[in-house]
There are 2 protein chains.
Amino acid sequence: MTGAAAPRLVDIAQSAGVSVATASRALSGRQGVSTAVAERVKEIAESLGYIGNVHARSLAGGTSSSVGLVVHEVADPYFSEIASGVMRVAGQRGLSVQMCHSGRDPQIELRQLRTLIANRVGVIVVAGSGYLDPEAERSIHRELTRFTQAGGRVVAIGRHQHATDAVLPANTDGAQAVTRHLLALGHRRVAVITGSLGLTTVADRLTGVHRALAEAGIPREDVPVIEAPFTRDGGRTATLEMLGEHPGSTAVLALNDDMAIGALSVLRSRSLRVPEDMSVTGFDDVPVAADLSPSLTTVRLPMQQMGEKALELALRPATKRPRRVVMPATLVERDSSGPPRRS
Amino acid sequence: MTGAAAPRLVDIAQSAGVSVATASRALSGRQGVSTAVAERVKEIAESLGYIGNVHARSLAGGTSSSVGLVVHEVADPYFSEIASGVMRVAGQRGLSVQMCHSGRDPQIELRQLRTLIANRVGVIVVAGSGYLDPEAERSIHRELTRFTQAGGRVVAIGRHQHATDAVLPANTDGAQAVTRHLLALGHRRVAVITGSLGLTTVADRLTGVHRALAEAGIPREDVPVIEAPFTRDGGRTATLEMLGEHPGSTAVLALNDDMAIGALSVLRSRSLRVPEDMSVTGFDDVPVAADLSPSLTTVRLPMQQMGEKALELALRPATKRPRRVVMPATLVERDSSGPPRRS
DNA sequence: TTGAAAGCGCTAACAA
DNA sequence: TTGTTAGCGCTTTCAA
């Protein structure tokens, strides 16, 4: 508290016997200073432990060196992988990242977005599913538009309803592939367990499931869709419900890995063997999926890359029409899926 | 681009026909404005989509509404859980979080710290092990000291060498407990697999192992310590090495869950049964530990709470002597540990 | 190559 | 209760 205040640019300038303008130029490595002076200023700054005030700088220069990142929940591996990718690129470029949770709640998301804008971040990366509720999306969209109009850059990951640049995982294709896989194994009584139907990611993945079903001539009514939170616990709840309501099922198609892990744990506690008694598939391929036992058949999304790509996109100037980068979703067949038992 | 610039406080004030001072007071909910005027100003601000400029505010007011968070790697569940806790509390208090990676590299950590300070965060939460290298710690410490002297607050999670407030998991106790557990099961040929010996967390946990060994009268030379990266892959490498160099081992004591998961996967691929042929224990109790098969015996650390606690501590004024909050480490016995096979 | 000075958008004395 | 005004620490013209 009593402590010496942090040295300011004036202090450095004074110590070096130059004006603040010169000191500023020297430290930011701009033109117009003799190398000798620049050297001296830098040395003095270093020795005094000078650290420039970003607030003053961005207020004066109108520039921003920070990026905003909105995730639903960072403890969810899907988002922590994305965040990791964003942070890697940010680290390389000397940008700081401001992260916040939306908690999958459009109201909170809106508030967080406003906070980021107040903090004058230069770019915003919004990760995670959008909402089917048009009212919710509208207010989010309005905020984002205002931001881009003021010169900000926005890139969305996994949501396509805004006219922003976007990194889009091939959710529909991936879901179609994993559904085909199950059908090819001979399953006819599949149950889908999923997070909130109000999320666009869920809608997209469900579309893929239905496409595969249609291809195989199976009416979609034959495949129950059980909704629960998009978490491990949700997976447990949904699996329990499936076991009770749809006892004839031979496969659980979870719309993310977390739910699949929950399913696996319920099945184990019921002594149902996977895949002999019941096949289970996930979606995302979180790092632990390969290490589960049985290892999880799932759809791989390159999450870290999605984060990296998103920030790289954001750092490039905006184009006339929004860019869309589709990230491939690839089926990873592992041990949790197999042919249905004969019944 | 061409866009209308974001409205500023003057614009609001003008629209409302009041001075900036009044507008400022009205919007920040401070005293000294009639409710009628305050109402009107707020309405106008809302309708114009006004969002205050944090840079200007903190430059003028000398206040900061953001907190810095340093983690080794956010994709690591240990850190993503901590981050989640920090973000929850920050969200409640309307603070924004600036997160950065240190990558377990003291040089990078130092740079990140400086960036946070440049961004004038009010508090810094440093999560993750410190370094045994005194030179590295010294420069970090110097930076942190300067920051606190300038009025900043620092809280460390899991590192105790700085004279800052700290949230400390009971690493030594936890390691002692899990080692005792293995010894009580009858294991005598235990191998420890661990991340870098240069990390204080590793040193602390190793101390716990050695204490338990000493209690049981087992010379520490009997227990090989295999060093590898503190990751799942590191766990694989280390386990492979153990299998080759110390074939008589009956238990793998991993110093974090990630490495334990790697060990599990190697053992499975070698068709060694856990725990019949080999027991495995972890440390941290990351969320997935309970869902592995076999479920992982480990030491639970309340990671989210640690994050929450850390920020709460940071938001309280500094005390004369640094506060230390010890978080309990509790042994969680699950299915990956059992008596050694008779040999 | 250097310096003086005008802001950036806001808060907080101080006056009225 | 309200307004005026002086900065906060920096960047950036414009002159020298």
Side-chain angles (χ1 to χ4, degrees), chain A residues 4-42 44-45 48-66 114-115 117-122 150-151, chain B residues 4-42 44-45 48-66 115 117-122 150-152:
Chain A
R8 296 154 306 162
L9 188 57
V10 250
D11 302 322
I12 306 305
Q14 210 157 31
S15 281
V18 299
S19 70
V20 283
T22 302
S24 170
R25 286 189 272 256
L27 292 176
S28 60
R30 248 169 303 145
Q31 292 246 312
V33 214
S34 63
T35 29
V37 174
E39 277 313 304
R40 222 187 48 262
V41 172
K42 280 183 191 161
I44 291 177
L48 262 54
Y50 171 74
I51 303 182
N53 184 328
V54 170
H55 292 133
R57 178 172 305 158
S58 82
L59 190 56
T63 56
S64 169
S65 61
S66 68
R114 290 172 146 261
T115 305
I117 295 172
N119 281 274
R120 292 304 189 267
V121 297
Chain B
R8 298 152 307 160
L9 188 56
V10 250
D11 302 321
I12 306 305
Q14 210 157 34
S15 280
V18 297
S19 71
V20 282
T22 302
S24 170
R25 285 188 274 255
L27 292 175
S28 62
R30 249 172 299 146
Q31 293 244 313
V33 215
S34 64
T35 31
V37 173
E39 276 313 302
R40 221 188 49 258
V41 172
K42 280 183 192 162
I44 290 178
L48 262 54
Y50 171 73
I51 303 181
N53 184 328
V54 170
H55 293 132
R57 178 171 305 157
S58 83
L59 190 55
T63 57
S64 168
S65 61
S66 69
T115 304
I117 295 172
N119 281 275
R120 292 303 189 268
V121 296

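Proteins get letters first, then strands, A, B, ... in listed order; numbering begins at 1 in each.
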What is the minimum heavy-atom distance between [X] and [Y], and which atoms define it?
X	Y	answer
L27(B)	Y50(B)	CD1-CE2, 3.6 Å
P7(B)	L48(B)	CG-O, 3.4 Å
V41(B)	V18(B)	CG2-CG2, 4.2 Å

### Query
Touch check for R30(B), heavy atoms < 4.0 angstrom, all strands: base, sugar-phosphate only, or nothing?
sugar-phosphate

### Query
When we call it a touch if two heavy atoms are under 4.0 Å apart, what does G32(B) touch: a base, just sugar-phosphate, or nothing?
base

Does [N] have its OP1 or OP2 closer than 4.0 Å to a side-chain nitrogen or oxygen of [X]?
X	N	result
Y50(A)	dC10(D)	yes
T22(B)	dG3(D)	yes
S24(B)	dT11(C)	yes
S34(B)	dT2(D)	yes

### Message
I want to confirm an ordering. Mapping R57(A) and R25(B) to their closest nucleotides on DNA chain D, which one lands closer to the 5' end?
### Response
R25(B)

### Message
Check whether N53(A) reaches the backbone of H55(A) with its side chain - one donor and one acceptor, N or O, closer than 3.5 Å.
### Response
yes

### Query
Would you say the side-chain atoms of R40(B) pair up with the backbone N or O of A16(B), donor to acceptor, closer than 3.5 Å?
yes

Check the distance between [N]'s [atom2] and [X]'s [atom1] and give it to me in whole angstrom.
X	N	atom1	atom2	value
N53(B)	dG9(D)	CG	C1'	14 Å
R40(A)	dT1(C)	CZ	P	16 Å
Q14(B)	dG3(D)	CD	C1'	15 Å
L59(A)	dG7(C)	CG	P	14 Å
R120(A)	dG9(D)	CZ	P	20 Å
L9(A)	dT12(D)	CG	C1'	13 Å
D11(A)	dC10(D)	CG	C1'	13 Å
I12(B)	dC10(C)	CD1	C1'	13 Å

### Task
Could you check which of dG7(D), dG7(C), dG3(D) has an atom nearest any side-chain atom of A60(A)?
dG7(C)

### Task
Assign each of A21(B) and H55(B) to its nearest nucleotide of DNA chain C by heavy atoms, then name whichever residue's nucleotide is nearer the 5' end.
H55(B)

